[in-house]
Structure formats: C-alpha cells, structure tokens
Amino acid sequence: MEVEKMDENEWKYHGEGNQSLVVSHCQRCVVLRFLKFPPNQNKTSEEILHHLQNIVDFGKHVMKQFFGENYVHHGEIIQLPLDFVRQLCLKIQPERPESRCDKDMDTLSGYAMCLPNLTRLQTYRFVEHRPILCIEIKPKCGFIPFSSHVSQEIKHKVCRYCMHQHLKVANGKWKRPSKYCPLDLFSGNKQRMHFALKSLLQEAQNNLKIFKNGELIYGCKDDQDSVSDWNELARHLKPFFFPSNGLVSGPHCTRTIVKELIHVITMTLLSSTDACRAGDMKTVPISQGRSYCEASAFNKELVRNGKHKLESSGLPRGCLLYKTLQAQMLDMLDIEGLYPLYSRVEQYLEESPEERSTLQIDGPYNEAFYEKLLDLSTEDDGTVAFALTKVQQYRIAMTAKDCSIMIALSPCLQDECSEQRPVVLTSKSRFTFSVSVLDLDLKPYESIPHQYKLDGEIVNYYLKNVQAKDDPVMSSLFKENEDCTLVLHKV
Ligand SMILES: O=P(O)(O)O[C@@H]1[C@@H](OP(=O)(O)O)[C@H](OP(=O)(O)O)[C@H](O)[C@H](OP(=O)(O)O)[C@H]1OP(=O)(O)O
Ligand SMILES: Nc1ncnc2c1ncn2[C@@H]1O[C@H](COP(=O)(O)OP(=O)(O)OP(=O)(O)O)[C@@H](O)[C@H]1O
C-alpha cells in the first residue's frame, strides 16, 4: 500500500468493537484496524506502536500455533499520514453507532493494523468480483467449568453465556434474552448446532453478523432492539442458494433459505481445513465437565419431551470450533481457582516490580512465551512460576472465549471449483469457502480482578432472580431472607 497516496474517500466505515475500529477499502480486499481509547486517555505513539506490535506478535507466534496457520490473519502494522487519519476519522464519525462512541479512534499516533478484509476474502482466486457471502459468529465460551475450585453448584450446570444473558437484559444491554447456548453450537451434534444457529438468527445481539459483498446485511448495528427480518435476509440470500430462481417467495421460501444457510454454516464449522502445532498438545479432554447446559432451550425442550440425555457428537479434531474450544479450556481452574494465583503473582510483583518484564506479562509474545503455555499441570507447587503459567493460560482462554469466527462463501459451478479450496454443497448450489478467526488480541493481565468480580455478579444475579423463581423452595427462602447476597455470597 502506498501510504503517501492515502485518500480517505477510498475508505469507508466497516465496524467496531470495544477496543478497535475497522475501515475497509472500497475496491481492494483490505481493512485498517485502529485502536480506540476513552477520551483524554493520552497514549504516546510509542505506547500505541508497542501495543499493536504485541497484537501482531501474539497472532503470529501464539495464536497461529493454537488455531493453525490458515485460520489466523495476524496482519501488519502500517504508519499512516496523520492528515489522512484525521480526515478519515471525521468522515466515518456519522456512521459510528452511538453505543460505541464512548471511545475515540486513535488519530494521534498514525499507526494502524492492515489486514485482509475477511468479509470479502476471495475464496476462489481465479475469478474476480464473484459475489461473496460472509457470516461472522462470536461463539463465546463453549464449556461448563469442570474445576473443583468452583464454589457455586449452578456453575457446573448452567453455562456462563446463558447466565450472563439475564444480567445483560436486566442492565439494558439487550431488550430480550437470546435462546442461543454456546454448548449447543460446540456440541458437534448437527441438531443442536442447527438450534443454536437458528437462535442466533432470531436474536443476533453481538454474536452474529452477515455480510454480502462486504456490506453488513444482517445483525446488530447499534439498536439493542433491532428486529430480525428473515424475509429481508432471504431476499438477499436467494440468489446464492437458489441461483436459477426456482423458488417462489413467501414464508415457505424464507424458511427454506434460512435452513440452507444454517446447513452451510454447520458444514463449514465442522470442516477441517488446517493443522496446527498445538493440535499435538495433550489438551483438556472435552469429555470433562458437562456437555450440555441446563438452561439451554434445546435441552429444556428435550426434558419436556421426556428425553433426559443430550447428544453431543463431539467436534472433529481439525475444525476451528474444536481448536477454539481447546484454547478456551486452557481456563482449567476457573476464575475462582485462578484469582488466588493472580494474587500470588501480584504480590511477587509488588516486592519485585523489576521482574515484570522477565515474566513477559506485557510481552514480548514470542516463541518462548508460547513454549511456557504448554505446561498443563494443575498441581500447585506454591511457586510464582506455576501461578504465572496459569495466569497466562487463563488470558489465552479468555481471548478464545471472546474471538469471532468468519466464514466466507463464494458460489462456484461444479466444473470450476478449485481443488485447493474446500467445497460445501446445498440442495441447489455449491460454494467454495474459507474459515478464519479474528479478534485475537490477548486479554490484559489487569482485567483479571474485573473477571473475578463479574463472575460473582453473573452468578449471584442468576441465583437470585432466575433460579430462585424457577424453584419454589429457593423462592420462598429468598422471600424470607431480604438480604439474599448475605446468604449466597461466596466467602
Ligand atoms: O466479559 P464478557 O463475556 O461480557 O465479554 C466482553 C464482551 O461482551 P459480550 O458478553 O460478548 O457482549 C465485549 O463485547 P461488546 O463490547 O459488548 O460487544 C468485549 O468483547 C469485551 O472485550 P474487551 O474487554 O473489550 O477486550 C468482552 O470482555 P472480556 O471478558 O472478554 O474481557
Ligand atoms: N480483518 C477483518 N476483515 C473484515 N472485518 C473485520 C476484520 N477485523 C475486524 N472486522 C470487523 O470489525 C468488527 C470489530 O473488530 P474486532 O472484533 O476486532 O473489534 P474489537 O474492538 O477488538 O472487539 P471486542 O469488542 O470483541 O473487543 C468485527 O466484528 C468485524 O465485523
């Protein structure tokens, strides 16, 4: 990219999260990812460069090992003319959702990350301008904690996502709870995955987005009350799934198209398109802990129908969901078991602050950092080294619990599909596809106390307001004890 010739008119607003803002090039398949900060949090250019370098290194040296070379696009750092960045910031400001404007795009350093545009990533390299469909899923945590450090039994039964939904609705983050349960998506069972994906399509929240030719056509832009319009979605998708127009419109057509979409997503999520180094690592067996969540609507339906055992077919080892889950499961102790170890590291750093860099708390995230993550022992020998390894593994796990999966699909005809590209079939069409993972920024060491506090809040809210209402005995107990937190708070 010729940075001297950067023109803000060639770029447009693409999306943002809590930490970064992304703009895409109007013609080329690239995006720029800028960091965001609260107003008045003045970071120096050097600090921002260091932060970005850490993100790139972490993707390159650590996450590629866990997820595989093809799934991770670590990108590169680019230095841009400040004038271009300022003009770009002004240009995109009206496009930004209000709820994200509590932070400002960094316009002072001139540094950004340059990445392939994964919503337009060409899955078929010989043909340009081929239509492309892209589905982005933020699956969240796909397992129930198996750690013996967990103090509340409910955490062994109901997953964090399902519990957190109630707190989010109560806090006004979302208008309605979602029926999506990550354990269904990660189950590998097609029926459960189908249910999970349908639930995401019903209530996308920030867990699902669909792009057509790089443009967002479905999913939450800003409005917490955004209504899912499946007819509108089907209208966009019809040329992809029924290219010869053999399907009339109407509710049946919409349902058929949505079903085809769910089928394609399921098949691509279960496909294995890459190998990785950590694949050889003896990670946590998925069989540990419960494979379903009691709060899942799919599970409740089964129980209502007299079936008490949920099928979990297990994920194929090479697929991205499996790798994501394995990385998530590096959280072996749960935040309750991890927090005392964090405190041990903290105490050590208070006594020996100069050790912070030796311990690689803020990087560099290099090969040596990765090697240290491979020790999976849970036997605490009381050392700072043990505590630190668990803390770093926890940070990786948290990152994997918050990353997104991007599936790009491009229609192809039977005789023109490239042998190098995987293909997925639907009843009337076929697609080449690619699967990638994004937002792999390592969660900061400093966020651990917040995680600990939030975990307590989620569980206490659920116990007090949801479980107690479902359970008449608990409910009367709460009525008798006005101050419920005293009864239930962890000591
Ligand atoms: O804690 P959670 O599970 O609510 O996850 C946060 C996300 O909320 P979600 O539940 O997905 O709506 C949250 O997503 P939103 O900004 O709400 O879209 C962020 O991804 C946040 O990451 P960070 O701390 O900004 O790096 C996420 O925080 P981390 O816990 O990953 O640090
Ligand atoms: N390489 C990419 N190609 C296409 N779109 C991208 C790319 N990277 C990010 N995006 C889009 O920009 C959005 C925000 O990016 P990202 O998730 O990295 O932000 P974040 O602030 O780090 O997120 P979080 O809120 O989870 O911390 C994504 O949800 C995705 O839609």
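When a residue number appears, it is its place in the shown sequence, counting from 1. Note that the structure is predicted; figures quoted are calculated from it, not measured. Heavy-atom basis, side chains included; hydrogens, waters and symmetry copies ignored. All ligand and atom numbering here is 1-based and tracks the order in the structure.
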Report task. Among all protein heavy atoms, pick out the one at the shortest distance from atom 26 (O) of ligand 1; state its residue, atom name and that distance to 0.1 Å. Result -> Lys443 NZ, 2.7 Å
Query raised in the report: Tell me, which protein residue and heavy-atom name are nearest atom 20 (P) of ligand 2, and how many Å apart are they?
Result: Ser20 OG, 3.3 Å
Query - Numbered atoms of ligand 1 (with element) below 4.0 Å of Asn18, judged on heavy atoms - result: 16 (O), 23 (P), 25 (O)
Query - For atom 3 (N) of ligand 2, the protein heavy atom that lies nearest, with its residue and separation - result: Leu118 N, 2.9 Å
Query - Side chain, backbone, both or neither: His73 near ligand 2, heavy atoms under 4.0 Å - result: neither
**Report entry** Salt-bridge contact Arg96-Glu16 (side-chain N to carboxylate O under 4.0 Å)
**Finding:** yes
Query - ligand 2 versus Val22: contacting region, heavy-atom distance under 4.0 Å - result: side chain
**Report entry** Parallel, tilted or perpendicular: rings of His166 and Tyr462 (30°, 60°)
**Finding:** perpendicular
Query raised in the report: Nearest protein heavy atom to atom 5 (N) of ligand 2, by residue and atom, and its distance?
Result: His14 NE2, 3.0 Å
Requested in this report: Can you label the angle between the Tyr342 ring and the Tyr445 ring as parallel, tilted or perpendicular, going by 30° and 60°?
Outcome: tilted
Query raised in the report: Is there at least one pair of N or O atoms, one from Asn18 and one from ligand 2, spaced under 3.5 Å apart?
Result: yes
Requested in this report: State whether a side-chain donor-acceptor pair under 3.5 Å links Asp455 with Gln451.
Outcome: no
Report task. Please state which part of Val31 comes within less than 4.0 Å of ligand 2, counting heavy atoms only: side chain, backbone, both or neither. Result -> side chain
Query raised in the report: Would you say ligand 2 has an N or O under 3.5 Å from any N or O of Leu115?
Result: no
**Report entry** For atom 18 (O) of ligand 2, the protein heavy atom that lies nearest, with its residue and separation
**Finding:** Arg33 NH2, 2.9 Å
**Report entry** Ion pair check, Lys36 and Asp104, cut-off under 4.0 Å
**Finding:** no
Query raised in the report: For Gln392 and Arg395, does a side-chain donor sit closer than 3.5 Å to a side-chain acceptor?
Result: yes
Requested in this report: State plainly whether the residues Lys157 and Glu153 are in salt-bridge range, i.e. N to O under 4.0 Å.
Outcome: no
Requested in this report: Would you check whether Leu438 has a nitrogen or oxygen atom less than 3.5 angstrom from a nitrogen or oxygen atom of ligand 2?
Outcome: no
Query - Nearest candidate to atom 1 (O) of ligand 1, where distance is taken over non-hydrogen atoms, out of Gln165, Arg160, Met398 - result: Arg160
Query - No-hydrogen, no-angle side-chain donor-acceptor test under 3.5 Å, Gln152 and Glu336 - result: no
Query - Any donor-acceptor N or O pair under 3.5 Å, side chains Gln165, Tyr161 - result: yes
Query raised in the report: Any idea which protein heavy atom is nearest atom 24 (O) of ligand 1, and the distance to it?
Result: Gln19 NE2, 3.8 Å
**Report entry** Element-labelled atoms of ligand 1 that are located less than 4.0 Å from some non-hydrogen atom of Lys173
**Finding:** 8 (O), 9 (P), 12 (O), 15 (P), 17 (O)
Query raised in the report: Is it the case that Asn366 and Gln360 place a side-chain donor and acceptor less than 3.5 Å from each other?
Result: yes
**Report entry** Closest candidate by heavy atom, reference atom 7 (C) of ligand 1, pool Lys138, His164, His450
**Finding:** Lys138
Query raised in the report: Under 3.5 Å, is there a donor-acceptor pair between the Ser109 and Asp106 side chains?
Result: yes
Query raised in the report: Of all the atoms in ligand 1, which lie at a distance below 4.0 Å from a heavy atom belonging to Arg100?
Result: 15 (P), 16 (O), 18 (O)
Report summary line: atom 20 (O) of ligand 1: of Ile458, Asp402, Leu442, the nearest heavy atom sits on Asp402
Query raised in the report: Any idea which protein heavy atom is nearest atom 5 (O) of ligand 1, and the distance to it?
Result: Lys140 NZ, 3.0 Å
**Report entry** Nearest-option assignment for atom 28 (C) of ligand 2, heavy atoms, candidates Met113, Arg100, Glu16, Glu136
**Finding:** Glu136
**Report entry** For ligand 2, the portion of Phe211 having any non-hydrogen atom under 4.0 Å away
**Finding:** side chain
Report summary line: Within the 4.0 Å heavy-atom cut-off, what Ser404 brings close to ligand 2 is neither
Query - Subset of ligand 1 atoms that lie under 4.0 Å from at least one heavy atom of Gln451 - result: 29 (P), 30 (O), 32 (O)
Query - Numbered atoms and elements of ligand 1 in range of Leu454, under 4.0 angstrom, heavy atoms - result: 1 (O)
Report task. Check ligand 1 against Asn206 and write out every atom of the ligand that is under 4.0 Å from a heavy-atom position of the residue. Result -> 9 (P), 11 (O), 12 (O), 14 (O), 15 (P), 17 (O), 18 (O)
Report task. May I ask you to identify the nearest protein heavy atom to atom 24 (P) of ligand 2, giving residue, atom name and distance to one decimal place in Å? Result -> Asp439 OD2, 3.3 Å
Query raised in the report: Can Asp439 and Arg33 be counted as an ion pair, charged N to O under 4.0 angstrom?
Result: yes
Query raised in the report: To which protein heavy atom is atom 1 (N) of ligand 2 closest, and what is the distance rounded to 0.1 Å?
Result: Pro116 O, 3.0 Å
**Report entry** Near-ring test Phe66/Tyr370, centroid separation under 6.0 angstrom
**Finding:** yes
Query raised in the report: Considering only heavy atoms of Lys168, which atoms of ligand 1 have at least one such atom less than 4.0 Å away?
Result: 9 (P), 10 (O), 12 (O)
